Amino acid sequence: MRVPVTLVTSPGCHYCGHAREVLERVAGDVPLDVSEVDLASPDGAAAQRRWRVPYPPLLLIDGELFGYGRISERKLRKVLASRVEGSR
């Protein structure tokens, strides 16, 4: 089962680069379906309004907010592991 993940980013955002690196490492162990959305796009702006997040990146897992700003790889792995276990 591939887990749908959306990363809402902004140009020049160094936390966004960090989030991409985290997702790349995690995707080596957990099957992810990653899509990236620009914060300035209608979908990106809607996500920011919906979740009331002050700055990018926003990381959504299956449409729900996981976190924003500096993304914790350890927390992400823990959440994804529980989702994968729960789907078995």
Side-chain angles (χ1 to χ4, degrees):
M1 171 187 136
R2 297 184 69 78
V3 179
V5 176
T6 304
L7 183 63
V8 181
T9 63
S10 180
C13 162
H14 104 230
Y15 283 144
C16 297
H18 174 262
R20 286 184 196 100
E21 292 169 4
V22 166
L23 287 172
E24 196 172 302
R25 285 191 299 269
V26 171
D29 301 321
V30 179
L32 301 178
D33 185 12
V34 179
S35 61
E36 192 167 325
V37 176
D38 191 303
L39 183 63
S41 72
D43 288 343
Q48 185 178 34
R49 280 192 310 273
R50 175 177 183 200
W51 299 107
R52 298 180 184 166
V53 174
Y55 53 87
L58 289 74
L59 183 60
L60 309 175
I61 299 176
D62 203 14
E64 295 296 318
L65 182 65
F66 166 79
Y68 68 93
R70 186 168 175 84
I71 301 299
S72 166
E73 183 171 343
R74 184 181 312 168
K75 180 180 171 189
L76 179 60
R77 286 181 181 280
K78 184 177 179 180
V79 167
L80 291 173
S82 69
R83 287 179 59 94
V84 170
E85 286 298 315
S87 68
R88 289 183 182 172

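Here, residue 1 is the first one in the sequence, and each next residue gets the next number. In this text the structure is predicted, and so the values were computed from the model without any measurement.
- Pairing each heavy atom of P56 with each of Y15, the nearest pair is O-CB, 4.3 Å.
- Between atom CG of residue L80 and atom CG of residue L32 there is a gap of 6.0 Å, rounded to the nearest 0.5 Å.
- Closest approach of S72 and F66 over heavy atoms only: O-CZ, 4.1 Å.
- In the hydrophobic cluster analysis, where Ile, Leu, Val, Met, Phe, Trp and Tyr join through side-chain heavy atoms closer than 4.5 angstrom, V22 is grouped together with V5.
- Closest approach of V8 to A47, counting heavy atoms only: CG2-CB, 4.2 Å.
- Using a distance-only test at 3.5 Å, with no hydrogens or angles considered, no donor-acceptor pair links the side chain of S10 to the main chain of C13.
- Separation of atoms CG (L39) and OG1 (T9) is listed at 8.0 Å; rounding is to 0.5 Å.
- Considering all non-hydrogen atoms of both residues, H18 and I71 come closest at CE1-O, 3.0 Å.
- Side-chain N or O atoms of Q48 include one that pairs as donor or acceptor with a backbone N or O of V53 at under 3.5 Å.
- In this structure, the side chains of L23 and L59 come closer than 4.5 Å at one or more pairs of heavy atoms.
- A single hydrophobic cluster is seen to contain both L7 and V30, as judged by linkage of ILVMFWY side chains at heavy-atom distances under 4.5 Å, directly or through other members.
- Atoms CZ and OH, on R70 and Y55 in that order, are 11.5 Å from each other to the nearest 0.5 Å.
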Starting from the C-alpha separation in whole Å, work towards a yes-or-no answer on salt bridge (charged side-chain N to carboxylate O under 4.0 Å, His left out) for E73 and R77.
CA-CA 6 Å; E73 183 171 343; R77 286 181 181 280; 3.1 Å; yes
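- Residues V26 and V3 fall within the same hydrophobic cluster, defined by Ile, Leu, Val, Met, Phe, Trp and Tyr side chains chained together at heavy-atom separations under 4.5 Å.
- Expressed to the nearest 0.5 Å, how far CG of L58 lies from CZ of R50 amounts to 11.0 Å.
- Note that CZ of R52 is 12.5 Å distant from CG of L65, once rounded to the nearest 0.5 Å.
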